[in-house]
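Before any comments, here is the structure.
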Amino acid sequence: MSLMVIEAKILINFRNAICSCSICKRVLLVLKTQKTTIISLKYGVFYSVETLLFCPEHKYEGNRIIKYDSPELNQIVPPYANFAYDVSIYIGFSRFLHHKQKSEIQHELKIEYGIQISDGEITHLSDNFLIYCKCVQMMASYKIKKVQDERGGYILHIDATVEEESDMVFVGMNSVNGWILYTSKIESESHEEIIPALNEINRMYGEPLAIKRDMGKGMALAVSKVFPNTPDRICHFHFVRDIGKDILSEYYDFIRNFLIDNKIKTSLKGLFSELITEIKEGNYDVNLTLDSIVNCKLSDLKNNKPVYVYAIITWILNYAKEGEGLGFPFDLPYVSLYERCLKALIIIDRLILLLAELKTVYKPFIQLKKILMLVNNQDIKLIHEKMGYGRTLFSQLREILRIEVESVPLSTVLETNCDEEVFKMKKDLEDFKKELSKDFLKDKSKIRDKKIVIDHLEKYKDKLFLTNFRIDPKDPSKDIIMERTNNLEEQNFRRIKRNQRRIHGNRDVGHDLNFYGSYLPIVWNLADDEYIKTVYGNMENIPAVFSQVPYEMFKLEQERFYAERRGRIIKFKRDDSEIFKIIGEGLKNLENQSNGLLTP
C-alpha cells in the first residue's frame with residue numbers, strides 16, 4: 001500500500017501482498033487496476049487504486065474469477081462501494097440506537113467530518129447496517145452459545161409484535177442477559193409459522209433451560225413440538241389479563257356502549273367548550289377562583305358558577321387518569337367515567353338548590369344535570385353492581401401473583417428471588433381456588449365469575465410456576481431466575497415503537513415493522529457492552545467484523561431484506577360502507593354501458 005496526493009485528495013495504492021497462487025504457487029499476474037473514490041470517517045475522502053491479481057492456470061471457480069484483492073481495502077470499504085464501513089456504522093447507530101432523523105445525521109456528517117450525503121444514501125447505508133448486523137449475529141452464534149453455556153444455560157422468551165396494518169415480527173430472547181437471539185417475520189402466530197423459528201433457535205443455541213411465552217395456542221403447540229422436554233411457562237401478566245377480560249368484558253362493554261350511544265362524553269365536551277368561551281369573556285382566573293371556592297361566601301356562587309361547572313366537567317373528563325396505564329382489564333376507563341358522572345350529579349343537584357336560595361338559575365348547571373341524568377340509569381346501575389364481584393376477584397388474583405402497578409407491565413421485570421416465594425404464590429393460588437370452590441352454588445349471581453377463575457387456574461396450573469435454576473450448589477448468587485412475565489421483551493417492543501416515533505415524528509410504527517421487519521430487533525443488542533465484547537471484541541472493531549461477512553452471504557441476506565420490505569398501506573379516505581357502495585354503483589354503471597351479451 002502506498003500514498004500520494006492528487007488534486008488535493010490522497011491517492012492510496014492497494015495490492016495484495018501475496019505474489020503466488022495458493023494452489024500451484026505460480027507467480028500471480030495483474031488482472032486489472034481500478035480507481036475508486038472512498039469516503040470514510042477515519043481516513044477522510046481519498047482515491048483508492050487497487051491492483052487485482054490472478055493466476056492464469058486457476059483463473060475461474062465455476063463462473064467466478066478468482067481474484068486476489070487487497071485485504072486492507074476490504075477492511076475499510078465493502079465491495080463495489082464508495083462509503084466505508086465506518087460511515088454505515090455511524091449512520092446505523094445514529095438512526096437506530098440514538099434515534100436521530102436523517103436531516104440531523106446529514107448535518108452532523110457535514111459539520112464533524114465534512115461529508116456530504118444524500119437522503120437516499122442514508123437510507124441505503126442504514127439498510128446495509130441492519131443487514132450486516134444480522135449476518136454477524138448468525139456468524140457469531142457459536143460465540144453467543146459459548147457465553148450462554150458458560151453461564152449455565154439460557155431462558156428463552158418468545159413473543160411477537162404487530163401494529164395495525166403491519167407485518168408480525170417474531171422475537172426470541174435470552175432473558176438472562178437480554179440478548180435477542182433470533183427474529184423473523186411471520187404471517188401469524190400459528191404453530192406452522194413459529195416452528196421454523198424455534199428450530200433455528202435450537203440449531204444455533206441448543207435447548208434452553210425453560211421457555212416463557214404468551215397464552216396463544218400456536219405458541220404452545222410449536223414449543224411442544226420443538227422442545228418437548230423443556231419446561232415452558234406462560235406470562236403471569238397475560239394470564240391475569242386473560243382472566244380479567246373473560247370476567248369483565250361483558251359488563252364493561254355494556255357500560256361503554258351505553259355511554260357512547262348516549263353521547264355522554266361528546267355532550268360534556270360540547271358544554272366544556274361553551275364554558276371556555278364564557279370564562280374567557282368574563283376574564284376569570286380559573287386557578288384563583290378555584291382556590292377561593294373552599295372559603296367563599298354563598299353569595300359568591302353567583303359570580304363563581306362558570307368556574308364551578310368548568311371544574312366539575314374537567315374532573316369528569318379526566319376519568320382516564322384513574323387508570324394504571326396497563327390497558328383493559330387493569331384499566332376500566334368507561335367505568336371510571338360512569339362513576340364520576342354519578343358523583344358529579346350529586347354535587348350538581350346541591351349546587352342548583354344553593355343557587356335557588358339566591359333566586360338564580362344558571363343554564364350550564366341545568367345542562368350538565370340533564371347530561372348526567374342520562375347516566376343515572378337503572379340498567380347500568382345493575383350491571384355496575386354485578387361487575388363489582390368480578391372486579392374483587394380480579395384484584396385478589398393480582399395481589400396473589402403480585403401483578404402490581406409499580407411492576408407491570410413494562411417498567412421492570414417480575415422475578416422470584418427464591419424458591420420459597422414460588423412455593424408461597426403457588427400455595428396462595430391453590431387456597432384461593434379452594435375458597436372459590438367452597439359453597440360454589442350458594443350464590444347463583446357469583447357462579448359465572450367464580451367458574452371463569454377456577455377454570456383458568458385448573459387449565460394452567462402446571463404452566464405458571466417454575467423454581468429457579470441452581471447452577472452452582474455452593475453459590476446461590478449464580479442462580480438463573482425465570483422471570484414471571486414477558487416484560488423484558490415487551491419493554492423492547494415498546495422502546496422500538498417509541499424510538500421510531502421519535503425518528504419519524506408520527507405514530508406510524510406499522511410502517512417500520514413493514515420496512516425493517518425482523519432486522520431491527522437485532523440492533524438492540526448493540527446497546528449491551530457484553531454483547532459487543534462477545535461478538536465484535538470492542539466498538540472500534542465493528543468495521544473489521546463487518547468486513548468478515550462474505551460478500552455472497554451479504555447479497556443473499558440483502559435479497560431477503562428487500563423481499564421482506566413492504567411500504568405503507570394505501571388507505572382509502574372513505575369508510576368500508578362507502579367503498580362497497582361505490583364499487584356497487586361503479587359496477588352498475590359499467591353494466592349499463594355493456595351490450596348485455598356476457599352479463600346476466
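These figures come from a predicted structure and were not determined experimentally.
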Please say which of Asp455, Leu248, Val453 ends up in a side chain to side chain contact (heavy atoms under 4.5 Å, CB included) with Ile243. Val453
Mutual orientation of the aromatic rings belonging to Phe237 and Phe330 [parallel < 30°, tilted 30-60°, perpendicular > 60°]: parallel
Assess whether atom [atom1] of [X] is packed by more than 12 heavy atoms of other residues, nucleotides or ligands within 6.0 Å.
{"X": "Asp529", "atom1": "CG", "answer": "no"}
{"X": "Tyr43", "atom1": "OH", "answer": "no"}
{"X": "Lys451", "atom1": "NZ", "answer": "no"}

Is [X] salt-bridged to [Y], cutoff N-O under 4.0 Å?
{"X": "Lys461", "Y": "Glu458", "result": "yes"}
{"X": "Arg560", "Y": "Glu557", "result": "yes"}
{"X": "Asp86", "Y": "Lys42", "result": "no"}
{"X": "Lys463", "Y": "Asp232", "result": "yes"}
{"X": "Lys100", "Y": "Glu108", "result": "yes"}
{"X": "Asp253", "Y": "Arg256", "result": "yes"}
{"X": "Lys438", "Y": "Glu435", "result": "yes"}

Is the backbone N or O of [Y] less than 3.5 Å from a side-chain atom of [X], with the two atoms forming a donor-acceptor pair by type?
{"X": "Ser175", "Y": "Gly178", "value": "no"}
{"X": "His157", "Y": "Arg213", "value": "no"}
{"X": "His456", "Y": "Ile452", "value": "yes"}
{"X": "Arg448", "Y": "Ile247", "value": "yes"}
{"X": "Ser88", "Y": "Ala84", "value": "no"}
{"X": "Asn16", "Y": "Ser70", "value": "no"}
{"X": "Asp331", "Y": "Pro333", "value": "no"}
{"X": "Lys426", "Y": "Phe465", "value": "no"}
{"X": "Ser141", "Y": "Met138", "value": "yes"}

Check [X] against [Y] and note the closest heavy-atom contact, atom names and distance.
{"X": "Leu181", "Y": "Gln137", "value": "O-NE2, 3.2 Å"}
{"X": "Phe170", "Y": "Ile186", "value": "CB-CD1, 3.8 Å"}
{"X": "Ile194", "Y": "Gly218", "value": "CD1-C, 4.2 Å"}
{"X": "Cys55", "Y": "Cys24", "value": "SG-SG, 3.7 Å"}
{"X": "Met139", "Y": "Pro550", "value": "SD-CD, 4.0 Å"}

Give the C-alpha distance, both sets of side-chain angles, the deciding distance and a yes or no for side chain to side chain contact (heavy atoms under 4.5 Å, CB included) between Ser249 and Phe328. CA-CA 9 Å; Ser249 286; Phe328 180 79; 3.3 Å; yes
Looking only at side-chain N and O atoms, does [Y] offer a donor or acceptor that is under 3.5 Å from a partner on [X]?
{"X": "Gln75", "Y": "Tyr85", "answer": "no"}
{"X": "Thr123", "Y": "Lys102", "answer": "yes"}
{"X": "Ser547", "Y": "Asn74", "answer": "no"}
{"X": "Asn538", "Y": "Asn541", "answer": "no"}

How long is the straight-line distance from [atom2] of [Y] back to [atom1] of [X], given to the nearest 0.5 Å?
{"X": "Leu556", "Y": "Gln558", "atom1": "CG", "atom2": "CD", "answer": "10.5 Å"}
{"X": "Ile144", "Y": "Gln148", "atom1": "CD1", "atom2": "CD", "answer": "7.0 Å"}
{"X": "Ile195", "Y": "Glu200", "atom1": "CD1", "atom2": "CD", "answer": "13.5 Å"}
{"X": "Arg203", "Y": "Lys145", "atom1": "CZ", "atom2": "NZ", "answer": "12.5 Å"}
{"X": "Phe83", "Y": "Ile122", "atom1": "CZ", "atom2": "CD1", "answer": "9.0 Å"}
{"X": "Phe96", "Y": "Leu130", "atom1": "CZ", "atom2": "CG", "answer": "4.0 Å"}

Run Val176 and Arg151 through side chain to side chain contact (heavy atoms under 4.5 Å, CB included) and show every step you take. CA-CA 9 Å; Val176 178; Arg151 175 66 180 87; 4.1 Å; yes
Kindly write out the residues that satisfy ring-ring contact (aromatic ring centres under 6.0 Å, His included) with [X], not counting sequence neighbours, or none if the list is empty.
{"X": "Tyr68", "result": "none"}
{"X": "Tyr519", "result": "Phe561"}
{"X": "Phe554", "result": "Tyr132"}

Stacked cation flag Arg398 on Phe432, 6.0 angstrom / 45 deg: no
Do Val77 and Ser40 come within less than 4.5 Å of each other through their side chains, counting heavy atoms only? no
Checking Phe129 against Ile91 for the side chain to side chain contact (heavy atoms under 4.5 Å, CB included) test, could you report, in this order, the C-alpha distance in whole Å, the side-chain angles of both residues, the deciding distance, and whether it holds? CA-CA 8 Å; Phe129 174 78; Ile91 290 171; over 6 Å; no
Given the rule in the side-chain hydrogen bond (donor to acceptor under 3.5 Å, both in side chains) test, do Asn174 and Asn177 qualify, once you have shown the distances and angles that lead to the verdict? CA-CA 6 Å; Asn174 175 5; Asn177 55 20; 3.2 Å; yes
Does the ring-ring contact (aromatic ring centres under 6.0 Å, His included) test come out yes or no for Tyr551 and Tyr80, once each step is laid out? CA-CA 10 Å; Tyr551 183 64; Tyr80 314 110; 5.4 Å; yes
Start with the C-alpha gap between His238 and Tyr460, add the side-chain angles, then the distance that decides, and say whether ring-ring contact (aromatic ring centres under 6.0 Å, His included) holds. CA-CA 12 Å; His238 286 101; Tyr460 295 104; over 10 Å; no
One pair to check against side chain to side chain contact (heavy atoms under 4.5 Å, CB included): Tyr205 and Leu156. What are the steps and the verdict? CA-CA 10 Å; Tyr205 307 107; Leu156 177 63; over 6 Å; no
Between Asp127 and Tyr562, is the side-chain hydrogen bond (donor to acceptor under 3.5 Å, both in side chains) condition met? List the steps. CA-CA 9 Å; Asp127 289 349; Tyr562 289 117; 3.2 Å; yes
Using side-chain hydrogen bond (donor to acceptor under 3.5 Å, both in side chains), reason through Thr230 and Glu207 one step at a time and then give a plain yes or no. CA-CA 8 Å; Thr230 303; Glu207 186 174 347; 2.5 Å; yes
Before you tell me yes or no, could you show the steps for Lys217 and Glu189 under salt bridge (charged side-chain N to carboxylate O under 4.0 Å, His left out), namely the whole-Å CA-CA distance, both residues' side-chain angles and the distance that decides it to 0.1 Å? CA-CA 8 Å; Lys217 293 180 181 178; Glu189 288 191 73; over 6 Å; no
